[in-house]
Structure formats: structure tokens, C-alpha cells
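These notes concern the structure reproduced below.
We use all heavy atoms of the structure for the numbers below, so side chains are in, but hydrogens, waters and symmetry mates are not.
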Amino acid sequence: MRIKGLALREAGHVDAARELWTRIIESADEHWPQVSGSLEHLGDSYRHDDPPRAATYYRRLIADYPTLSGTSGCVHVSLAEILLDRRDKESVEQAARLLGTWIDEFSIPFPNAISGSTSR
């Protein structure tokens with residue numbers, strides 16, 4: 001179902017993709033990699049049109065699945081980008097802590113994490 005959501009998003013059917021990912025995270029029957037990945041996809045899908053909602057999904061992912069297994073491994077970066085866009089001192093400090101944690105605790109899984117934006 002998570003992969004179907006990705007295909008729907010790529011075809012321009014973001015709302016339908018979000019419905020599938022929401023069903024996954026609300027289902028008690030889904031395995032954690034599907035849930036963690038769906039939380040990231042939901043966050044990504046809201047990054048530009050509803051950053052606070054995206055931040056909520058990213059924070060839930062970090063809290064519930066701290067190893068970030070089943071994800072891109074770049075959720076800290078995605079959340080930090082949202083916080084930096086706010087341009088207030090507290091948000092910038094939170095972003096710095098997130099990036100510090102990401103650098104200290106996670107190996108960089110994908111080259112795009114080094115050379116480019118993680119925006120999707």
C-alpha cells in the first residue's frame with residue numbers, strides 16, 4: 001500500500017496517496033517499516049503546502065522510530081529545513097540540535113544527503 005501511495009503521488013494524486021499512507025499509520029496490522037516510511041512520506045507530501053503538519057509527522061517519526069529504519073534516514077534534515085524557514089531563534093536552535101544529532105548518530109545513507117536537498 002505504501003508503494004501504491006508513492007505511485008499515486010508521482011501521478012499527481014497527492015490526496016489519494018495521503019489517504020493510503022494515513023490508513024497505514026492508523027492500522028494496527030501494519031509492520032513498523034511500513035508505518036515509519038508512511039510517516040516520512042506524509043511529512044514529505046505536506047512540506048510545501050502545510051509545513052506545520054509536515055513537522056508533526058517528522059517529529060512523530062523521530063519519536064516513535066528513532067533508528068529511522070524504513071525511511072530515507074534524512075528526516076532530521078527535512079525537519080530542520082522547515083524550522084529554518086521560520087527564521088526565529090528558537091527554531092534555528094532546534095534545527096541545529098536536530099542536525100547535530102543526525103550527524104552524530106546516523107551514518108549518511110544516501111549521497112543526496114550530502115550534495116543536495118532532501119526535498120521531494
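- Residues G73 and L68 approach most closely at O-CD1, 3.9 Å, considering heavy atoms.
- Closest approach of A17 and G5 over heavy atoms only: CB-O, 3.1 Å.
- To the nearest 0.5 angstrom, L42 atom CG is 8.5 Å from R53 atom CZ.
- To the nearest 0.5 Å, atom CG of residue L83 and atom CD of residue E90 are 9.5 Å apart.
- Judged purely by atom type and a 3.5 angstrom limit, W102 has no side-chain atom pairing as donor or acceptor with the backbone of V77.
- Atom OG1 of T101 sits about 9.0 Å away from atom CZ of R97, to the nearest 0.5 Å.
- Side-chain atoms of E40 do not come within 3.5 Å of backbone N or O of V75 as any donor-acceptor pair.
- Side chain of S91 to main chain of R87: no donor-acceptor pair is present (N/O by atom type, distance under 3.5 Å, no hydrogens or angles).
- Going from atom CG of L98 over to atom CG of L84 covers 9.5 Å, rounded to the nearest 0.5 Å.
- Atom CG of residue D85 and atom CZ of residue R47 lie 8.0 Å apart, to the nearest 0.5 angstrom.
- Across all non-hydrogen atoms, the minimal contact from S45 to W21 is CB-CZ3, 4.1 Å.
- Atom OG1 of T56 sits about 9.0 Å away from atom CD1 of I82, to the nearest 0.5 Å.
- A continuous path of ILVMFWY side-chain contacts below 4.5 Å connects L39 to L8, so both sit in one hydrophobic cluster.
- H41 and R2 form a side-chain donor-acceptor contact under 3.5 Å, judged by distance and modelled atom types alone.
- I24 and Q34 make their closest contact through CG2-O, 3.5 Å (heavy atoms, listed as atom of the first residue, atom of the second, distance).
- No donor-acceptor pair under 3.5 Å is formed between the side chain of S27 and the backbone N or O of R23.
- A salt bridge links R18 and D49; the closest N-O separation between the charged side-chain nitrogens and carboxylate oxygens is under 4.0 Å.
- Under the 4.5 Å side-chain heavy-atom criterion for Ile, Leu, Val, Met, Phe, Trp and Tyr, I103 and V92 are members of distinct hydrophobic clusters.
- Side chain of S36 to main chain of Y65: no donor-acceptor pair is present (N/O by atom type, distance under 3.5 Å, no hydrogens or angles).
- No donor-acceptor distance shorter than 3.5 angstrom exists from the side chain of Y57 to the backbone of S38, with no hydrogens or angles considered.
- A 4.5 Å side-chain heavy-atom check between R60 and I25 finds at least one atom pair inside the cut-off.
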